[in-house]
Structures are given as structure tokens and as C-alpha cells.
Amino acid sequence: MRRRTFLLTPALLAQSRAGEAEPHFPDRLHQFVWRNWELANIERMAAVAGCAPARLLEIGRALGLPEKPRLTADQLRRIYITVIRQNWALLPNGQITELLGWTPEQFTFTLKEDDFLDVKLGAKPSCEPLRYAEPTPEARRRAAQIRSTVREAFGKEWNEPGESPFAFVERMSAPGAVAPPAEPAGVRWDLRHVYSYFALYGDPLVEPEIDPFPDGYLERLRAVGINGVWMQAVLRTLAPAPQFPEFGARGEERLANLRNLVARAARHGMRVFLYINEPRSMPPEFFARRPGMRGAEYRGHYAMCTSIPEVREWISGSLAHVFRAVPELGGVFSITMSENFTHCHSRPRAETCPRCSRRANWQVVGELLEAIRTGVRASSRTAEVIAWDWGWPGEMARRVIPRLPRDTRFQSVSEWSIPIERGGVKSTVGEYSISVVGPGPRATAHWELARKAGVRTLAKTQFNNTWEISAVPYIPVGYLVARHCANLRQAGVSGVQASWTLGGYPSPNLEIAREFYFGKAPTPEDAVAAVARRRYGEEAGPLVAGAWKIFSRAFEMYPYGIAIYTIPTQHGPANLLRETPSGVKGSMILFPQDDYRGWCGHYPPEVVRDQFARMASAWEPGLAVLGKAAALSPAAAEELAVAETCWIHFKSTANQLAFYLLRDGGGSREAMRAIVWDEMALARRQFSIARRHSVIAFEASNHYYYRPLDLAEKILNCRRLLGRLASA
């Protein structure tokens, strides 16, 4: 399922459900303590519950929880999306805001502008305020059962601290660990940029201490061939505007921090790019004094109509101000048919605008692109201005691309529109994919239009991971990456944007892609073999390369065309099993729920179940090969953790589909119990991996999909189900 399609389909949003405790917990208070034990400090939790910290610590001990960790200020600032998600169906928004230590304004801004978090969370369930009450005898009895369960399941490992959350940030930030390699002669792709693996998405320039691109990380990116990084920009937060006095608050502070970042990146041979998705829609009160500027309406907000010259002039003037203040900026890229509600044609609501309802979408988008270019060129003749066809319908592309100025570049998602057949089901790629190797017919046709217009072309790719599975920093399928790069060399593009918010890890995959950036292109096999030996040594390298080949073949079984935004490949065994249908639709990325028919898109659920099971079975032999490599080279330990996580998530997805097909089809309870036992084993195995490796289950725009205690909770969930299935 395409990201844009999901956002335009209200039926797919999660339905409201009254906040209540999961049945494997004694009550909401015990669930609150468990769910936030690794996410918030005890003083803040106690303030929310209205009690002394000692009361909640006592509940933690009763549940058998390990020693309460103390989160640093840095960890607390980085984990807020996980906090919001874990409490979304448990606490009212006011108490979530209090738990975070935020203002209501910060909470509202984050829901709207932090990669449309409000859509990912779905409709807010109705939640009564949580207040501490002395646990009842029954609650104490059930807490003691939970304590006994976790001691039995985890033994000594339960109290081992493991690697702290975000430990990878400190590890990757340390400078001097990687010697920046000299670029070979014959640069083929002069632009190669990614998003930070761990940047804050919403408003990072007001928190310079949460550095999205520390020196050590830039060194590591440079070592794998990257020469640019990008970050989101919301224009109203960066530049003052005479016509909009409310815009630009703290803008000079943000620009000063951006200037410092750009200068520091330049010392590592890196350029910084801004992602422009404008003009952002505004609430009705913004237009009270500007009714003539109000455009189309969508979900209670209105577009700043770009058919009005003053709006385009504001965009141009704001960008001119930014590039004047930060003249060394690398450039901008824009999405104009956007996931955010921006101009009047960015949603199918243009008829609600008295001006744009009479204009073609390509005319509106063409004007917007020219406003962006005009603003950048007013202050910089050399900065890149990149137009991206994300979401453009065919007629728009045919109209807009030939009109692009020669001093801009044009970018297209490489693998979109490739027809495939998996599990006997035909589909077409409509999102990022690594399991399907590009480029496809849409990109090649659009690139040809751009070349005829004298405009250089770029490929939008995902060399590390995709929403097929983003719970790992990279999918260890180097042969697929190498094949894609070889194809792009033949396609004649001038560079790549190698990641969206996911995919910025300095991984073996990016290093494999680097083999194709310069000089004569190697064969895919030679590129993979060279990187494996360089990373893991002469003995272990061939074993790692052999494992990558097994994983690459298995991953081509992925049933592309499923609803990748809701199926639980991101959450794996952390997604709870439901004894009876919940009736709650899955929401984008964050809540798969038990919406298994929704997960499958146009595939029959039985086919998706079987395809994930086959993929997991074909993947598993590679783990044994990789285990031998890890015994020879300690550097391969993380590689093994990543590969094993993929296998566990694929196997768990198959299990969950099998369980729900049995549940709703009146299947054997013994078969259901067998699946529950297997899910418990997978959750237990993944607990150990997540405890040891802080990169697991993290993605920059969604933070942690799960923490180790969520996997332990799955065991509580499964224990209860085993009892229920036995007694039914």
C-alpha cells in the first residue's frame, strides 16, 4: 500500500476504543507502571499518577520488574514517540503531555508536524485520567503471578541491564574511529545523500545538543560513500514574514544552529539539504484576518492557497532568507503532492477552493516549484533545487517535467510501477522496496522526459531498509542492493537520495552501493565479495557473503503488495495476540492491532501467511552460515543480530496470520496453542537480541517500535491465552 493512499483513506485509521487495561495486567495502574518502566523516570510517572514515587516502585517490585532504570535527559528527548504510542490508549492527552514534561503547544505541534504522527497513532481512544489507588488483594495476587512468570521465563537474564537505549548514538558519534577514504577517480554519481539514522524529525534545530549529524557519524557516512545529509524544514519556523507576523519565532536561533551544522558537515566533505513540503496547512483561526487567502479544506485545516501570488511570494522570500543566512546550504528537495496537506491539489479537495477548483493540478504544482526555485536562486546560484515526482499522477508528470528549468534536478523513486507476481498474486510496486530490484518503467520514463528537457536525473532509493521491515538498521540482502546499483549505472542517473527517514545507518549495504559510485562498475558479485572481506576478514568474509546471498534469495519471496504500513513486520512478536476480534483497525506503522485482513491488501490472508512462512524458512539457513562467520569475526555479531531479527519478524508475521485465520475460522484450539507457544519462544529469543543491541526496533521517525519489556509483555499475553484456550 502506498503511503499517500493510506493517508487519504480514513477507513484505515484506528477506531476509538475506551482506554482500559490489557487483560494480562491486574489493572490500568499496573499496566502504566510496566509500560513506562523503561521509558520515563519514576518522579514523572508518580506525578502523573498523583502519588509518591515509592508507591509505583512498590508496584514495580510486585510485578517482578528489574531495577528501575534512570533515563538521561538525552534519552528522554529521543524517546518521546515511543512514550506517546505506549500511552495513547491508556492516558488522556493531558497526562501524556505531563509524562513528557511538555507544554500543550509542543504536544500539538508534534502530533501535526512530526511526520504526521497524529495519523500514525489513529483516532484517540477515550481515556479517563489515571490515579493511584492502593492495589486490591486480587491485583496483588495477579501481580505475584506475573512476577513468577517472568522469573521462570527469563531467569538470570531478567536482571541484566543489557545495552541502554540509544547507546548506538554515542557509539556512532565518537570521532576518529573511521579514516575517511579518498574518493577514487571518475565520480559517476556526484550527489549521494541520506537522512540521519537518529535525528529528531519534528524541530531539531531548536535542540542543538541533540545533534542529528555528530562528527563521528559524518565520518562513518563518508566512509561508505555518502556526501550529503538532509533534514526537514518548516518554513514558518525558519524565516520572518512581514505579512505573517506570527511566523519566524526563534527563526534566527534555528538558522544559527543550521549554519553551524552546515559548516561542520563541510569539514567532512558533506553538504546539507533541506526537505521542503510547503505551504503547510493552517487552522481556521489563521485565516480569520486573511479570508481571501484560504484555500481548500481537509480534516479541519485549510490550505494557504498558492494560486494567490502573495503565498508564492512568501515561499520564495522565506527560502531566499534561509539561503542568505546560510549560504553554504547544499540545496532543497521538494515533495509537492504530499503526505502533508499543503497546496489545494495536494488532497482530493481542490473543489473546496474557489480558485484552484478551476485550475489543473499540474499548473498549481508548476507554480509552486517555480516559487521554490525563485527563492533559492535569489540567494544562491549553486545550491541544488530538486523536484521529486512523489505522488505525481501521470498527466501531471508529463506536463511538469518538460517545463523544469535546466538549473534544477529531477528525482524519481527507482522501483515504482514494477509489475511482480508472488505467491501467485500479481501486484505492482507502489512504495519503496528492496525485495523488488529497480529501476522500473515509471522512473525510466520520467527520467527520459527530464533528459529531453536538459535536466539531470536522480534516483530515490532505499539501500538499507524499507517499510517492508524497518525494525532493523539494514536488511542484510547485499546482492539485491548491488543489482539495483548496477542497473542504475546503466540508467545514467547523476546521483541518489539513498534514504527516507529510514535507511541512514552506515551499513554494509551502503558500503556495497559505494562500489558503484566511482569509475568502472564492478559486477554485483564482486562488489559484495569485496565489502564482505573488507568488513569481516579473509576467513569470515566469504561466509558473510554466502549468508547475504541466501537472505537475498529469500527476500525476493516477500509478498509485495500487502499493506506494509499496517502488517506487523515492524513489531514482530511484540504485537499482542487477541483471543477475540478487537474490531480496531490497524493504524499506520504504530498499531498493527489484530487487523489481519487489512494487513494483507489485495492478497488472500492464506497466501500472505504461507509466503511469510516460506520466506522465513528460506532465510533460516543463512543464520547458521552467519553464525560461523560471527565465531571467526566479532564484527559480525551485529550482522547476526540484524539477520536473526528479520527472521523472527517474518516468522512471527506468519504466526499471527495463522492464529487469526484459525481463530475466525473455527480452527483447532490445539493448533492455536502451538502457535502461541511458538510466539512465546520468538518473543523470548528477540528479548535477548533487543537487550544486547540498542539499534534493534529503532527507526528515526517512529523511535522504538518496542523495548525489551514489550517482548516480555507478549509472554504474559501468551500465557493467558494458553490458559484460555485450554479451558474453552
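Residues Thr136 and Glu138 have side chains that never bring a donor and an acceptor to within less than 3.5 angstrom of each other. Counting only N and O atoms by type, the side chains of Glu431 and Tyr565 include a donor and acceptor under 3.5 Å apart. One side chain, Gln656 or Asn575, offers a donor N or O that lies under 3.5 Å from an acceptor on the other. Inspection of the His24 and Glu713 side chains reveals an N or O donor paired with an N or O acceptor under 3.5 Å. Residues Ser688 and Gln686 bring no donor and acceptor atom of their side chains to less than 3.5 Å of each other. A donor-acceptor contact closer than 3.5 angstrom links the side chains of Tyr80 and Asp114.
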Legend entry - Verdict with supporting geometry, Arg70 and Glu43, salt bridge (charged side-chain N to carboxylate O under 4.0 Å, His left out): CA-CA 10 Å; Arg70 181 83 188 171; Glu43 295 84 3; 2.6 Å; yes

Inset, instruction - For the pair Ser470 and Asn465, evaluate side-chain hydrogen bond (donor to acceptor under 3.5 Å, both in side chains) and give the outcome as yes or no after the intermediate values. - result: CA-CA 6 Å; Ser470 63; Asn465 56 7; 5.8 Å; no

Inset, instruction - In sequence, state the C-alpha distance, the side-chain angles, and the governing distance for Lys651 and Asp678, and then conclude on salt bridge (charged side-chain N to carboxylate O under 4.0 Å, His left out). - result: CA-CA 9 Å; Lys651 197 166 189 298; Asp678 196 40; 2.6 Å; yes

Inset, instruction - Apply side-chain hydrogen bond (donor to acceptor under 3.5 Å, both in side chains) to the pair Glu639 and Tyr474, showing each step before the final yes or no. - result: CA-CA 9 Å; Glu639 187 82 27; Tyr474 59 94; 2.7 Å; yes

Inset, instruction - Tell me, with the steps shown, if Glu468 and Ser433 meet side-chain hydrogen bond (donor to acceptor under 3.5 Å, both in side chains). - result: CA-CA 7 Å; Glu468 288 160 312; Ser433 176; 2.9 Å; yes

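The pair Asp594-Arg663 counts as a salt bridge, with a side-chain nitrogen and a carboxylate oxygen less than 4.0 angstrom apart. Salt-bridge formation is detected for the pair Lys714/Glu679: a Lys NZ or Arg NE/NH1/NH2 atom is positioned less than 4.0 Å from an Asp or Glu carboxylate oxygen. A salt bridge is absent between Glu22 and Arg28; no separation between the charged side-chain nitrogens and carboxylate oxygens falls under 4.0 Å.
Here the CH2-CD1 distance, from Trp599 to Ile562, works out to 10.5 Å after rounding to the nearest 0.5 Å. The line from CG of Leu662 to CD1 of Ile675 is 5.0 Å long, rounded to the nearest 0.5 Å.
Within 6.0 Å of the NZ atom in Lys68, the count of heavy atoms belonging to other residues, nucleotides or ligands exceeds 12. The environment of CZ in Arg147 is crowded: more than 12 heavy-atom neighbours from other residues, nucleotides or ligands sit within 6.0 Å. For Arg55, the CZ atom is loosely surrounded, since the number of other residues' heavy atoms within 6.0 Å does not exceed 12. Surrounding CD of Glu606 are more than 12 heavy atoms belonging to other residues, nucleotides or ligands, all under 6.0 Å away. More than 12 heavy atoms of other residues, nucleotides or ligands lie within 6.0 Å of CD in Glu134, so this atom counts as buried by the packing criterion.
Just one residue in the list Ile434, Ile564, Ile469 forms a side chain to side chain contact (heavy atoms under 4.5 Å, CB included) with Tyr558, and that residue is Ile564. Between Glu157 and the options Arg692, Arg684, Arg685, a salt bridge (Lys or Arg N to Asp or Glu O under 4.0 Å) holds for only Arg684.
Under the 30°/60° scheme for interplanar angles, the aromatic rings of Tyr706 and His649 are found to be tilted. Between Phe650 and Phe612, the ring planes lie tilted relative to each other; the angle falls in the 30° to 60° range.
Annotation: cation-pi pair Arg171/Phe168 absent, no NZ/CZ under 6.0 Å from the ring centroid and within 45° of its normal.
Ring to ring, Phe25 and Trp34 are close: their centroids are under 6.0 angstrom apart.
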